[in-house]
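Data block below; observations after.
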Amino acid sequence: MRVGADARAFLVIATVLIVGNILYLTGVFDPNPLGPATALFGGYTRGVLGGRNFADPNVGYTSQALGHLAARDLLHLRLPWWNPFEGTGVPLAGEMQSAALFPPTLLLIFANGQIYEHVLLELLAGFSTYLLLRRLVVGRVASTAAGAAFALNGTFAWFGHAAANPVAFLPLLLLGLELAYLRTTADRLGGWWLIAVAVALSLYAGFPETAYLDGLFAIAWLAWRCRCAGRARMFAFIRKAAGGGAAGVLIAAPVLVSFVDYLKHANVGAHAGAESVHLTSQAIPQLVLPYVYGSIGEYQDAAGILVKSWGQVGGYLTASLMLFAILGLVSSGRRGLRAILAAWIVLAFARTYGVPVLGAVLGLVPGMASVQFYRFGTPTVELAVVVLAALGLDDLGRKSRGRRPTIVAGLVALGLVIVASIGASGLSDRLHGSGPSTYFVVALL
(Lines give C-alpha, C1' and ligand atoms only; values in the text may rest on other atoms or scores of the structure.)
Protein backbone atom coordinates (compact mmCIF):
# COMPACT_ATOMS: atom_id res chain seq x y z
CA MET A 1 0.00 0.00 0.00
CA ARG A 2 1.35 3.39 -1.00
CA VAL A 3 1.63 5.95 1.78
CA GLY A 4 0.71 9.52 0.88
CA ALA A 5 3.10 12.44 1.23
CA ASP A 6 1.15 13.99 4.10
CA ALA A 7 1.06 10.67 5.93
CA ARG A 8 4.84 10.39 5.58
CA ALA A 9 5.20 13.90 6.99
CA PHE A 10 3.01 12.97 9.96
CA LEU A 11 5.13 9.87 10.48
CA VAL A 12 8.32 11.94 10.52
CA ILE A 13 6.86 14.40 13.02
CA ALA A 14 5.62 11.55 15.24
CA THR A 15 9.01 9.82 15.07
CA VAL A 16 10.88 12.99 16.07
CA LEU A 17 8.44 13.56 18.91
CA ILE A 18 8.75 10.00 20.20
CA VAL A 19 12.55 10.21 20.06
CA GLY A 20 12.35 13.47 22.00
CA ASN A 21 10.30 11.75 24.72
CA ILE A 22 11.89 8.32 24.51
CA LEU A 23 13.60 8.47 27.91
CA TYR A 24 10.25 9.15 29.58
CA LEU A 25 8.26 6.68 27.50
CA THR A 26 10.71 3.85 28.18
CA GLY A 27 10.98 4.63 31.90
CA VAL A 28 14.70 5.50 31.85
CA PHE A 29 13.74 8.84 33.43
CA ASP A 30 10.66 9.10 35.62
CA PRO A 31 8.52 12.16 34.78
CA ASN A 32 6.02 11.43 37.55
CA PRO A 33 5.79 14.59 39.73
CA LEU A 34 4.14 12.71 42.60
CA GLY A 35 7.36 12.81 44.61
CA PRO A 36 9.37 15.90 43.65
CA ALA A 37 6.38 18.25 43.31
CA THR A 38 4.32 17.14 46.31
CA ALA A 39 6.82 17.00 49.20
CA LEU A 40 5.83 13.38 49.84
CA PHE A 41 9.43 12.21 50.23
CA GLY A 42 12.38 13.31 52.29
CA GLY A 43 15.27 12.82 49.88
CA TYR A 44 16.21 11.76 46.38
CA THR A 45 19.10 10.34 44.42
CA ARG A 46 20.72 12.71 41.94
CA GLY A 47 20.50 11.52 38.36
CA VAL A 48 22.81 12.03 35.40
CA LEU A 49 21.63 15.64 35.14
CA GLY A 50 20.78 17.86 38.06
CA GLY A 51 17.74 20.05 38.52
CA ARG A 52 14.12 19.26 37.71
CA ASN A 53 12.21 18.33 34.57
CA PHE A 54 9.54 21.00 35.13
CA ALA A 55 9.64 24.76 35.70
CA ASP A 56 6.36 24.94 37.60
CA PRO A 57 5.47 22.60 40.51
CA ASN A 58 1.78 22.88 39.61
CA VAL A 59 2.47 19.86 37.44
CA GLY A 60 2.01 17.93 40.68
CA TYR A 61 0.21 20.37 43.00
CA THR A 62 -2.79 20.85 40.73
CA SER A 63 -2.71 19.20 37.32
CA GLN A 64 -1.82 15.68 38.38
CA ALA A 65 -3.71 15.56 41.67
CA LEU A 66 -6.88 17.30 40.53
CA GLY A 67 -6.78 15.80 37.04
CA HIS A 68 -6.61 12.29 38.49
CA LEU A 69 -9.57 13.09 40.75
CA ALA A 70 -11.57 14.38 37.77
CA ALA A 71 -10.67 11.34 35.67
CA ARG A 72 -11.72 9.02 38.49
CA ASP A 73 -15.04 10.82 38.88
CA LEU A 74 -15.76 10.58 35.15
CA LEU A 75 -14.91 6.89 35.02
CA HIS A 76 -17.33 6.36 37.90
CA LEU A 77 -19.99 8.22 35.89
CA ARG A 78 -19.91 11.27 38.17
CA LEU A 79 -19.53 14.79 36.81
CA PRO A 80 -16.35 16.28 38.34
CA TRP A 81 -17.93 19.43 39.80
CA TRP A 82 -16.64 19.19 43.36
CA ASN A 83 -13.35 18.50 45.19
CA PRO A 84 -14.12 17.34 48.75
CA PHE A 85 -10.45 16.97 49.72
CA GLU A 86 -9.49 20.66 49.87
CA GLY A 87 -10.63 22.42 53.04
CA THR A 88 -14.37 22.02 53.41
CA GLY A 89 -14.61 21.43 49.67
CA VAL A 90 -14.13 23.60 46.58
CA PRO A 91 -15.28 23.50 42.94
CA LEU A 92 -13.24 21.06 40.87
CA ALA A 93 -14.20 21.95 37.30
CA GLY A 94 -14.37 25.67 38.15
CA GLU A 95 -10.82 25.57 39.49
CA MET A 96 -9.79 25.07 35.84
CA GLN A 97 -6.29 23.60 36.32
CA SER A 98 -7.87 20.20 36.86
CA ALA A 99 -9.01 20.38 33.20
CA ALA A 100 -11.85 18.29 34.56
CA LEU A 101 -13.93 18.17 31.36
CA PHE A 102 -10.97 18.02 28.95
CA PRO A 103 -11.06 14.62 27.17
CA PRO A 104 -7.28 13.86 27.41
CA THR A 105 -7.52 14.29 31.21
CA LEU A 106 -8.93 10.75 31.28
CA LEU A 107 -5.37 9.53 30.65
CA LEU A 108 -4.45 10.76 34.14
CA ILE A 109 -6.17 7.74 35.58
CA PHE A 110 -2.88 5.95 34.81
CA ALA A 111 0.20 6.41 36.98
CA ASN A 112 2.20 7.82 34.06
CA GLY A 113 -0.82 9.42 32.40
CA GLN A 114 0.62 12.91 32.22
CA ILE A 115 3.36 11.94 29.80
CA TYR A 116 0.81 10.16 27.58
CA GLU A 117 -1.43 13.23 27.65
CA HIS A 118 1.36 15.60 26.73
CA VAL A 119 2.68 13.37 23.94
CA LEU A 120 -0.85 13.36 22.54
CA LEU A 121 -1.04 17.17 22.73
CA GLU A 122 2.41 17.51 21.18
CA LEU A 123 1.33 15.30 18.30
CA LEU A 124 -1.73 17.45 17.75
CA ALA A 125 0.39 20.62 17.86
CA GLY A 126 2.88 19.22 15.35
CA PHE A 127 0.27 17.93 12.90
CA SER A 128 -1.74 21.17 13.10
CA THR A 129 1.37 23.29 12.47
CA TYR A 130 2.23 21.16 9.45
CA LEU A 131 -1.27 21.49 7.99
CA LEU A 132 -1.31 25.23 8.69
CA LEU A 133 1.91 25.78 6.78
CA ARG A 134 0.81 23.56 3.92
CA ARG A 135 -2.32 25.71 3.70
CA LEU A 136 0.05 28.68 3.33
CA VAL A 137 1.71 26.83 0.40
CA VAL A 138 4.94 26.28 2.30
CA GLY A 139 7.01 23.36 1.01
CA ARG A 140 6.48 19.95 2.55
CA VAL A 141 10.02 19.65 3.95
CA ALA A 142 9.89 23.04 5.67
CA SER A 143 6.36 22.35 6.95
CA THR A 144 7.44 19.01 8.39
CA ALA A 145 10.44 20.53 10.13
CA ALA A 146 8.28 23.32 11.54
CA GLY A 147 5.69 20.81 12.76
CA ALA A 148 8.36 18.87 14.61
CA ALA A 149 9.85 22.09 16.03
CA PHE A 150 6.55 23.33 17.44
CA ALA A 151 5.63 19.87 18.74
CA LEU A 152 8.80 20.06 20.87
CA ASN A 153 8.58 23.76 21.71
CA GLY A 154 10.01 25.32 24.85
CA THR A 155 6.69 25.57 26.67
CA PHE A 156 6.00 21.86 26.28
CA ALA A 157 9.58 21.15 27.38
CA TRP A 158 9.42 23.21 30.58
CA PHE A 159 5.74 22.96 31.55
CA GLY A 160 3.85 19.86 32.51
CA HIS A 161 0.80 21.48 34.07
CA ALA A 162 -2.41 22.82 32.56
CA ALA A 163 -0.81 26.02 31.25
CA ALA A 164 0.69 24.02 28.38
CA ASN A 165 -2.52 22.26 27.37
CA PRO A 166 -4.10 25.05 25.25
CA VAL A 167 -0.82 25.52 23.32
CA ALA A 168 -1.68 22.49 21.20
CA PHE A 169 -4.78 24.23 19.89
CA LEU A 170 -3.15 27.50 18.81
CA PRO A 171 -2.05 26.22 15.35
CA LEU A 172 -5.39 24.40 15.10
CA LEU A 173 -7.20 27.71 15.65
CA LEU A 174 -5.10 29.41 12.97
CA LEU A 175 -5.79 26.48 10.64
CA GLY A 176 -9.49 27.06 11.30
CA LEU A 177 -9.08 30.69 10.28
CA GLU A 178 -7.34 29.56 7.11
CA LEU A 179 -10.20 27.21 6.25
CA ALA A 180 -12.71 30.00 6.88
CA TYR A 181 -10.65 32.31 4.65
CA LEU A 182 -10.55 29.68 1.90
CA ARG A 183 -14.33 29.28 2.03
CA THR A 184 -14.79 33.05 2.00
CA THR A 185 -12.61 33.62 -1.04
CA ALA A 186 -14.46 30.80 -2.83
CA ASP A 187 -17.82 32.42 -1.91
CA ARG A 188 -18.91 29.26 -0.12
CA LEU A 189 -20.82 28.78 3.11
CA GLY A 190 -19.36 27.15 6.22
CA GLY A 191 -15.70 26.85 7.10
CA TRP A 192 -16.09 27.98 10.70
CA TRP A 193 -16.44 24.59 12.43
CA LEU A 194 -12.72 24.07 13.10
CA ILE A 195 -12.52 27.47 14.79
CA ALA A 196 -15.32 26.36 17.13
CA VAL A 197 -13.55 23.08 17.92
CA ALA A 198 -10.21 24.81 18.61
CA VAL A 199 -11.76 27.49 20.82
CA ALA A 200 -13.80 24.98 22.81
CA LEU A 201 -10.88 22.63 23.40
CA SER A 202 -8.62 25.56 24.36
CA LEU A 203 -11.10 26.56 27.04
CA TYR A 204 -11.67 23.02 28.29
CA ALA A 205 -7.89 22.51 28.42
CA GLY A 206 -7.74 24.10 31.85
CA PHE A 207 -5.84 27.38 31.65
CA PRO A 208 -7.83 30.43 30.52
CA GLU A 209 -4.80 32.77 30.46
CA THR A 210 -3.02 30.73 27.80
CA ALA A 211 -6.26 30.37 25.84
CA TYR A 212 -6.87 34.13 26.06
CA LEU A 213 -3.40 35.05 24.79
CA ASP A 214 -3.66 32.47 22.01
CA GLY A 215 -6.92 34.16 21.04
CA LEU A 216 -5.22 37.56 20.84
CA PHE A 217 -2.58 36.12 18.53
CA ALA A 218 -5.35 34.62 16.41
CA ILE A 219 -6.98 38.07 16.16
CA ALA A 220 -3.69 39.44 14.80
CA TRP A 221 -3.68 36.60 12.24
CA LEU A 222 -7.31 37.43 11.44
CA ALA A 223 -6.36 41.06 10.78
CA TRP A 224 -3.79 39.94 8.21
CA ARG A 225 -6.29 37.69 6.47
CA CYS A 226 -8.92 40.47 6.48
CA ARG A 227 -6.52 42.59 4.47
CA CYS A 228 -5.93 39.67 2.10
CA ALA A 229 -9.68 39.16 1.65
CA GLY A 230 -10.28 42.74 0.56
CA ARG A 231 -13.28 44.92 1.29
CA ALA A 232 -15.72 42.84 -0.72
CA ARG A 233 -15.20 39.66 1.33
CA MET A 234 -13.75 40.99 4.59
CA PHE A 235 -17.03 41.15 6.52
CA ALA A 236 -18.07 37.71 5.35
CA PHE A 237 -14.76 36.37 6.64
CA ILE A 238 -15.18 38.19 9.97
CA ARG A 239 -18.66 36.73 10.34
CA LYS A 240 -17.32 33.21 9.84
CA ALA A 241 -14.52 33.77 12.37
CA ALA A 242 -16.85 35.39 14.91
CA GLY A 243 -19.43 32.65 14.43
CA GLY A 244 -16.83 29.95 14.99
CA GLY A 245 -15.52 31.71 18.09
CA ALA A 246 -19.02 32.17 19.51
CA ALA A 247 -19.87 28.53 18.85
CA GLY A 248 -16.68 27.46 20.62
CA VAL A 249 -17.56 29.56 23.67
CA LEU A 250 -21.05 28.05 23.74
CA ILE A 251 -19.64 24.52 23.54
CA ALA A 252 -17.36 25.36 26.48
CA ALA A 253 -20.20 26.96 28.46
CA PRO A 254 -20.32 24.24 31.17
CA VAL A 255 -16.76 24.85 32.29
CA LEU A 256 -16.90 28.62 31.70
CA VAL A 257 -20.00 29.06 33.86
CA SER A 258 -18.34 27.06 36.63
CA PHE A 259 -15.12 29.08 36.29
CA VAL A 260 -16.79 32.50 36.32
CA ASP A 261 -18.95 31.54 39.29
CA TYR A 262 -15.91 30.36 41.29
CA LEU A 263 -13.78 33.34 40.20
CA LYS A 264 -16.04 35.69 42.18
CA HIS A 265 -14.86 34.07 45.40
CA ALA A 266 -11.39 32.76 44.49
CA ASN A 267 -8.00 34.12 45.49
CA VAL A 268 -6.05 34.51 42.23
CA GLY A 269 -2.80 35.33 44.01
CA ALA A 270 -0.04 36.74 41.81
CA HIS A 271 -2.38 36.91 38.81
CA ALA A 272 -3.87 40.09 40.27
CA GLY A 273 -1.73 43.07 39.34
CA ALA A 274 0.34 41.06 36.85
CA GLU A 275 0.73 44.09 34.59
CA SER A 276 3.59 45.40 36.76
CA VAL A 277 5.63 42.18 36.61
CA HIS A 278 8.20 41.52 33.90
CA LEU A 279 11.13 39.20 33.38
CA THR A 280 14.50 40.60 34.36
CA SER A 281 17.27 41.27 31.88
CA GLN A 282 19.12 38.20 33.20
CA ALA A 283 16.33 36.04 31.78
CA ILE A 284 16.86 37.28 28.20
CA PRO A 285 19.79 34.90 27.49
CA GLN A 286 17.52 31.96 28.36
CA LEU A 287 15.27 32.89 25.45
CA VAL A 288 17.98 31.98 22.92
CA LEU A 289 20.19 29.71 25.05
CA PRO A 290 17.64 27.99 27.30
CA TYR A 291 20.16 26.03 29.38
CA VAL A 292 22.85 28.64 29.62
CA TYR A 293 22.31 28.64 33.41
CA GLY A 294 22.12 24.86 33.64
CA SER A 295 19.06 22.65 33.86
CA ILE A 296 15.91 23.80 35.61
CA GLY A 297 16.63 24.74 39.22
CA GLU A 298 20.07 23.11 39.31
CA TYR A 299 22.05 26.20 40.22
CA GLN A 300 21.34 29.17 42.46
CA ASP A 301 22.88 32.57 43.03
CA ALA A 302 23.10 34.43 46.33
CA ALA A 303 20.66 37.12 45.19
CA GLY A 304 18.04 34.57 44.15
CA ILE A 305 17.83 35.98 40.62
CA LEU A 306 17.91 32.58 38.93
CA VAL A 307 15.30 31.06 41.24
CA LYS A 308 12.97 33.96 40.40
CA SER A 309 13.71 33.61 36.69
CA TRP A 310 12.89 29.89 36.60
CA GLY A 311 9.68 30.70 38.44
CA GLN A 312 8.58 33.19 35.77
CA VAL A 313 9.82 31.97 32.36
CA GLY A 314 7.32 30.34 30.04
CA GLY A 315 9.39 28.71 27.32
CA TYR A 316 12.25 29.39 24.96
CA LEU A 317 13.50 29.61 21.40
CA THR A 318 16.76 28.21 20.03
CA ALA A 319 19.63 29.63 18.01
CA SER A 320 18.80 27.43 15.00
CA LEU A 321 15.17 28.59 15.00
CA MET A 322 16.32 32.19 15.20
CA LEU A 323 18.60 31.68 12.21
CA PHE A 324 15.81 30.43 9.96
CA ALA A 325 13.34 32.98 11.37
CA ILE A 326 15.67 35.79 10.36
CA LEU A 327 15.80 34.28 6.88
CA GLY A 328 12.02 34.15 6.95
CA LEU A 329 11.80 37.86 7.68
CA VAL A 330 13.61 38.64 4.43
CA SER A 331 12.06 35.82 2.40
CA SER A 332 10.08 36.44 -0.75
CA GLY A 333 6.31 36.88 -0.74
CA ARG A 334 3.81 36.87 2.15
CA ARG A 335 4.81 40.39 3.14
CA GLY A 336 1.71 40.94 5.23
CA LEU A 337 2.19 37.71 7.19
CA ARG A 338 5.85 38.45 7.82
CA ALA A 339 4.96 41.96 9.01
CA ILE A 340 2.24 40.82 11.43
CA LEU A 341 4.44 38.06 12.87
CA ALA A 342 7.37 40.43 13.32
CA ALA A 343 5.11 43.03 14.96
CA TRP A 344 3.70 40.46 17.37
CA ILE A 345 7.18 39.21 18.32
CA VAL A 346 8.38 42.76 19.02
CA LEU A 347 5.32 43.70 21.07
CA ALA A 348 5.37 40.41 22.98
CA PHE A 349 9.08 40.79 23.75
CA ALA A 350 8.50 44.35 24.94
CA ARG A 351 5.60 43.24 27.15
CA THR A 352 7.56 40.31 28.59
CA TYR A 353 10.67 42.27 29.51
CA GLY A 354 9.06 45.61 30.35
CA VAL A 355 10.42 47.71 27.49
CA PRO A 356 9.19 51.31 27.99
CA VAL A 357 6.34 52.52 25.73
CA LEU A 358 6.26 49.42 23.50
CA GLY A 359 5.65 47.22 26.53
CA ALA A 360 2.47 49.12 27.31
CA VAL A 361 0.84 48.55 23.90
CA LEU A 362 -0.47 45.05 24.61
CA GLY A 363 -1.35 46.24 28.10
CA LEU A 364 -4.14 48.31 26.55
CA VAL A 365 -6.04 45.12 25.69
CA PRO A 366 -8.94 44.51 28.11
CA GLY A 367 -8.17 41.99 30.84
CA MET A 368 -4.41 42.10 30.33
CA ALA A 369 -3.87 43.50 33.84
CA SER A 370 -4.78 40.08 35.29
CA VAL A 371 -2.77 38.02 32.81
CA GLN A 372 0.82 36.92 33.38
CA PHE A 373 1.91 37.66 29.84
CA TYR A 374 5.61 37.29 30.68
CA ARG A 375 4.96 33.60 31.41
CA PHE A 376 1.99 32.51 29.33
CA GLY A 377 2.48 34.64 26.22
CA THR A 378 5.65 32.80 25.20
CA PRO A 379 3.88 30.06 23.16
CA THR A 380 2.54 32.69 20.75
CA VAL A 381 6.09 33.94 20.19
CA GLU A 382 7.31 30.38 19.70
CA LEU A 383 4.71 29.73 17.00
CA ALA A 384 5.39 33.08 15.30
CA VAL A 385 9.11 32.25 15.16
CA VAL A 386 8.43 28.70 13.95
CA VAL A 387 6.24 30.00 11.10
CA LEU A 388 8.91 32.55 10.11
CA ALA A 389 11.55 29.81 10.32
CA ALA A 390 9.46 27.64 7.98
CA LEU A 391 9.23 30.50 5.50
CA GLY A 392 12.98 31.00 5.72
CA LEU A 393 13.77 27.30 5.30
CA ASP A 394 11.35 27.04 2.40
CA ASP A 395 12.89 30.07 0.72
CA LEU A 396 16.34 28.59 1.24
CA GLY A 397 15.25 25.28 -0.28
CA ARG A 398 13.82 27.00 -3.34
CA LYS A 399 17.08 28.96 -3.75
CA SER A 400 15.09 32.07 -4.51
CA ARG A 401 17.67 34.21 -2.75
CA GLY A 402 21.42 34.53 -3.13
CA ARG A 403 24.00 33.66 -0.53
CA ARG A 404 24.19 37.15 0.95
CA PRO A 405 20.89 37.02 2.95
CA THR A 406 21.87 33.60 4.31
CA ILE A 407 25.28 34.84 5.39
CA VAL A 408 23.78 37.96 6.97
CA ALA A 409 21.15 35.88 8.81
CA GLY A 410 23.87 33.54 10.05
CA LEU A 411 25.94 36.44 11.33
CA VAL A 412 22.92 37.98 13.07
CA ALA A 413 22.04 34.66 14.71
CA LEU A 414 25.65 34.19 15.79
CA GLY A 415 25.63 37.72 17.15
CA LEU A 416 22.52 36.94 19.21
CA VAL A 417 24.22 33.86 20.66
CA ILE A 418 27.35 35.85 21.54
CA VAL A 419 25.33 38.67 23.13
CA ALA A 420 23.25 36.14 25.09
CA SER A 421 26.42 34.39 26.27
CA ILE A 422 28.02 37.65 27.38
CA GLY A 423 24.79 38.69 29.09
CA ALA A 424 24.66 35.42 31.00
CA SER A 425 28.33 35.34 31.98
CA GLY A 426 27.97 37.82 34.84
CA LEU A 427 25.32 35.75 36.58
CA SER A 428 26.89 32.40 35.65
CA ASP A 429 30.08 33.33 37.50
CA ARG A 430 28.08 33.77 40.72
CA LEU A 431 26.19 30.48 40.59
CA HIS A 432 26.66 27.89 43.33
CA GLY A 433 28.17 24.71 41.91
CA SER A 434 30.50 23.93 39.05
CA GLY A 435 28.68 26.23 36.66
CA PRO A 436 26.45 25.46 33.70
CA SER A 437 29.11 25.56 31.00
CA THR A 438 28.52 21.87 30.20
CA TYR A 439 25.07 22.79 28.86
CA PHE A 440 26.32 25.32 26.33
CA VAL A 441 26.42 22.95 23.36
CA VAL A 442 22.93 21.66 24.17
CA ALA A 443 21.72 25.26 24.52
CA LEU A 444 22.84 26.06 21.00
CA LEU A 445 20.53 23.40 19.58
Side-chain angles (χ1 to χ4, degrees), residues 6 9-10 12-14 16-17 20 104 118-140 142-157 159 163-182 191-205 207 210-225 241 244-245 248 314-315 317 321 324-325 328 334 337-338 340-341 344-345 348 376-394:
D6 288 339
F10 285 167
V12 170
I13 293 171
V16 171
L17 196 151
H118 284 99
V119 168
L120 175 63
L121 293 176
E122 288 169 357
L123 279 171
L124 178 61
F127 294 166
S128 300
T129 302
Y130 169 82
L131 292 174
L132 171 65
L133 290 167
R134 290 297 293 152
R135 182 64 61 182
L136 296 174
V137 201
V138 176
R140 186 165 278 109
S143 298
T144 303
F150 192 70
L152 296 174
N153 66 63
T155 300
F156 282 142
F159 283 176
N165 293 351
V167 175
F169 305 107
L170 175 55
L172 190 69
L173 177 56
L174 300 184
L175 179 61
L177 289 175
E178 287 300 305
L179 292 178
Y181 173 76
L182 180 66
W192 52 268
W193 67 271
L194 190 57
I195 298 174
V197 171
V199 169
L201 288 173
S202 295
L203 294 171
Y204 277 117
F207 214 84
T210 306
Y212 175 66
L213 296 176
D214 288 354
L216 290 182
F217 182 67
I219 290 174
W221 191 283
L222 173 70
W224 164 61
R225 273 312 192 187
L317 307 172
L321 269 180
F324 290 114
R334 305 180 185 88
L337 176 60
R338 290 185 284 118
I340 202 71
L341 293 176
W344 180 267
I345 292 170
F376 305 120
T378 308
T380 61
V381 177
E382 291 167 345
L383 184 58
V385 170
V386 164
V387 171
L388 283 175
L391 298 181
L393 181 60
D394 190 50

message: Would Phe376 and Phe159 count as a side chain to side chain contact (heavy atoms under 4.5 Å, CB included) here? Give the steps.
response: CA-CA 10 Å; Phe376 305 120; Phe159 283 176; 4.1 Å; yes
field: Trace of the side chain to side chain contact (heavy atoms under 4.5 Å, CB included) decision for Val197 with Trp193
entry: CA-CA 6 Å; Val197 171; Trp193 67 271; 4.1 Å; yes
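Rounding to the nearest 0.5 angstrom, the gap separating the CG atom in Leu179 from the CG atom in Leu131 is 9.0 Å. The CG atom of Leu393 lies 12.5 Å from the CG atom of Leu388; values are rounded to the nearest 0.5 Å. Here the CG atom belonging to Leu337 is positioned 7.5 Å from the CZ atom belonging to Arg225, to the nearest 0.5 angstrom. Summarising the geometry, atom CG belonging to Leu194 is positioned 8.0 Å from atom CG belonging to Leu173; distances are rounded to the nearest 0.5 Å. Here the CG-CG distance, from Leu17 to Leu123, works out to 5.0 Å after rounding to the nearest 0.5 Å. The CG atom of Leu170 sits 5.5 Å away from atom CZ of Phe150, with the distance rounded to the nearest 0.5 Å.
At least one side-chain heavy atom of Phe169 sits less than 4.5 Å from a side-chain heavy atom of Leu124. Side-chain contact between Leu174 and Val387 is absent, with no heavy atoms from C-beta onward closer than 4.5 Å.
Scanning both residues, Arg134 and Ser143, for their nearest heavy atoms gives CD-OG, 3.6 Å. Residue Gly126 comes nearest to Ala151 through the heavy atom pair CA-CB, 3.8 Å, listed as atom of the first residue, atom of the second, then distance. The minimum heavy-atom distance between Phe156 and Ala164, with the atom names listed, is CE2-O, 3.4 Å. Shortest non-hydrogen contact noted between Gly245 and Ile195 is N-CG2, 3.7 Å. Here the closest non-hydrogen pair linking Gly328 and Arg338 is O-CD, 2.9 Å. When all heavy atoms of Val138 and Ala390 are compared, the closest pair comes out as CG1-O, 4.0 Å.
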Exercise answer: donor-acceptor pairs, residues 210-222 side-chain atoms, under 3.5 Å, sequence neighbours excluded:
residue	atom	partner	partner atom	Å
Thr210	OG1	Ala163	O	3.0
Tyr212	OH	Pro366	O	2.2
Trp221	NE1	Glu178	OE2	2.9

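The side chain to side chain donor-acceptor pair (under 3.5 Å) pairs that include a residue from residues 119-131 are Asp6-Tyr130, Asn21-Glu122, Tyr130-Arg140, where partners are two or more places apart or lie in different chains. Applying the salt bridge (Lys or Arg N to Asp or Glu O under 4.0 Å) rule to pairs touching residues 142-152 yields nothing, sequence neighbours excluded.
Side chain of Arg334 to backbone of Leu136: a donor-acceptor contact under 3.5 angstrom is found. For the pair Asn153 (side chain) and Glu382 (backbone), a donor-acceptor distance under 3.5 Å is absent.
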